[in-house]
Amino acid sequence: MQSQLTRAWVEIDLGALLQNGARVAAHTGSRLLPMVKADAYGLGAVRVACALQELDPWGFGVATVLEGDELRRAGIERPIIVFTPLLAEDFDAARRARLTPALSDAASIRVWQRFRLPWHLAVDTGMNRAGVSWREVSALHDLIAAAPPQGVFTHFHSAEREDGSRREQEERFAAVLDALPTRPEMVHAENSPAASRRHGSHARWTIARPGVFLYGVGFGDGAEIAPEPVVTVRARVVDVRTIEPGDTVSYGATFRAERQTRIATLAIGYADGYRRALSNIGTVLIRGRKARVAGNVTMDMTMADVTEIECEVGDVATLLGRDGDELLTIESVAATGGVSPYELLTGLRSRLPRRYRHDTDE
Ligand SMILES: *Cc1c(COP(=O)(O)O)cnc(C)c1O
């Protein structure tokens with residue numbers, strides 16, 4: 001029987017994760033509130049949060065009560081902010097797990113204030129997803145004065161672009177801060193793209209909320225800092241065959257050999273998160289060399305054209321990350337597949353076991 005550990009897996013470099021966190025902290029001059037929602041973008045929230053403790057973050061950010069509860073059960077004692085608005089029926093569970101909600105409507109604020117527990121005021125400055133509109137914060141003035149929030153924050157919608165929107169959102173946020181009864185202890189706004197390009201920003205915040213940068217996704221040419229790769233996806237070669245001109249590969253026969261062609265089958269497919277959109281256009285690395293995906297990616301297996309590569313059953317292929325001198329970044333693979341790097345990363349499925357590397361502890 002084939003072991004689950006040898007078929008295909010994700011390697012996570014916790015040392016690189018820490019370097020990326022230290023880079024954001026140094027560049028922003030702020031303590032961190034690492035965003036570990038969605039199981040730390042698929043890397044494993046508990047392992048990631050425990051590793052990041054070394055950087056003395058102010059707290060952690062999650063999207064759901066269950067995600068916060070998981071961190072508490074793992075012994076994380078720092079503040080944990082839940083950023084997706086809570087429904088009233090979630091309040092008790094949030095309180096039991098000692099989570100800090102992001103609140104923005106009068107009814108929720110009133111209920112939570114009775115507990116005399118910290119909360120953060122979510123202010124919308126243009127994203128129009130969650131948070132009280134910057135135009136309407138003044139309506140909450142008396143309520144906020146009665147039991148002020150520990151923190152106040154907003155969220156940028158296009159910080160990776162030079163389109164002036166960040167400046168506009170910062171100005172709206174600054175106006176809200178000026179109008180609050182008192183300035184809360186914690187003021188925060190920066191996600192990864194904003195933390196990667198501070199140039200042009202006049203604002204200083206108490207904490208930064210990086211997510212994807214920590215996990216190795218950078219923001220290209222305009223960025224002032226770049227992350228180390230953290231995530232590597234590998235799969236074993238489980239079949240190698242030679243096909244004749246005119247033969248086809250995989251469902252739909254979208255790959256047709258023009259000459260004698262060697263095809264390697266990798267034990268990974270779209271049910272692992274290797275996107276079907278990479279059919280016939282994705283690149284994989286085998287023995288440190290690039291090979292093109294041949295035919296449609298299937299649920300459990302992906303074929304590659306290895307005509308130019310001495311390749312054998314049992315070889316380890318790299319679908320994301322480094323092999324020798326070649327590197328497949330999350331950004332480049334996502335761009336090839338026409339998906340966002342966030343989607344590619346969070347789409348890596350639990351069928352791929354996670355293997356953690358840390359220079360100092362393993
Ligand atoms: C997800 C999220 C972040 C982190 O975003 P990245 O682009 O991954 O850095 C920060 N703040 C809020 C409110 C979020 O929802």
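We count ligands from 1, going down the list as the structure has it; atoms in each ligand are counted the same way.
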| request: Flag the pair Tyr215 / Val217 as yes when at least one side-chain heavy-atom distance between them is below 4.5 Å, and no otherwise. | output: no

| note | Contacts of Tyr274 meeting ring-ring contact (aromatic ring centres under 6.0 Å, His included) (sequence neighbours excluded), chain-then-number -> none

In residues 82-94, what donor-acceptor pairs under 3.5 Å come from side-chain atoms, sequence neighbours left out?
residue: Thr84; atom: OG1; partner: Ala63; partner atom: O; Å: 3.2
residue: Asp90; atom: OD2; partner: Leu87; partner atom: N; Å: 3.3
residue: Asp92; atom: OD1; partner: Arg95; partner atom: NH2; Å: 2.8

Are any protein N/O atoms closer than 3.5 Å to the N/O atoms of ligand 1? If there are, list each pair with names and the distance to one decimal place.
residue: ligand 1; atom: 7 (O); partner: Tyr342; partner atom: OH; Å: 2.6
residue: ligand 1; atom: 8 (O); partner: Tyr41; partner atom: OH; Å: 2.5
residue: ligand 1; atom: 8 (O); partner: Val212; partner atom: N; Å: 2.8
residue: ligand 1; atom: 9 (O); partner: Ser192; partner atom: N; Å: 2.7
residue: ligand 1; atom: 9 (O); partner: Ser192; partner atom: OG; Å: 2.5
residue: ligand 1; atom: 9 (O); partner: Gly211; partner atom: N; Å: 2.8
residue: ligand 1; atom: 11 (N); partner: His155; partner atom: ND1; Å: 3.4
residue: ligand 1; atom: 11 (N); partner: Arg209; partner atom: NE; Å: 2.8
residue: ligand 1; atom: 11 (N); partner: Arg209; partner atom: NH2; Å: 3.3
residue: ligand 1; atom: 15 (O); partner: Lys37; partner atom: NZ; Å: 2.7
residue: ligand 1; atom: 15 (O); partner: Arg129; partner atom: NH2; Å: 3.4

| task | Return yes when atom CG of Asp325 has more than 12 non-hydrogen atoms of other residues, nucleotides or ligands closer than 6.0 Å, and no otherwise. | result | no

| task | Check the side chains of Arg129 and His157 for a donor-acceptor pair under 3.5 angstrom, ignoring hydrogens and angles. | result | no

| Partner set under salt bridge (Lys or Arg N to Asp or Glu O under 4.0 Å) for Asp247, not counting sequence neighbours | none

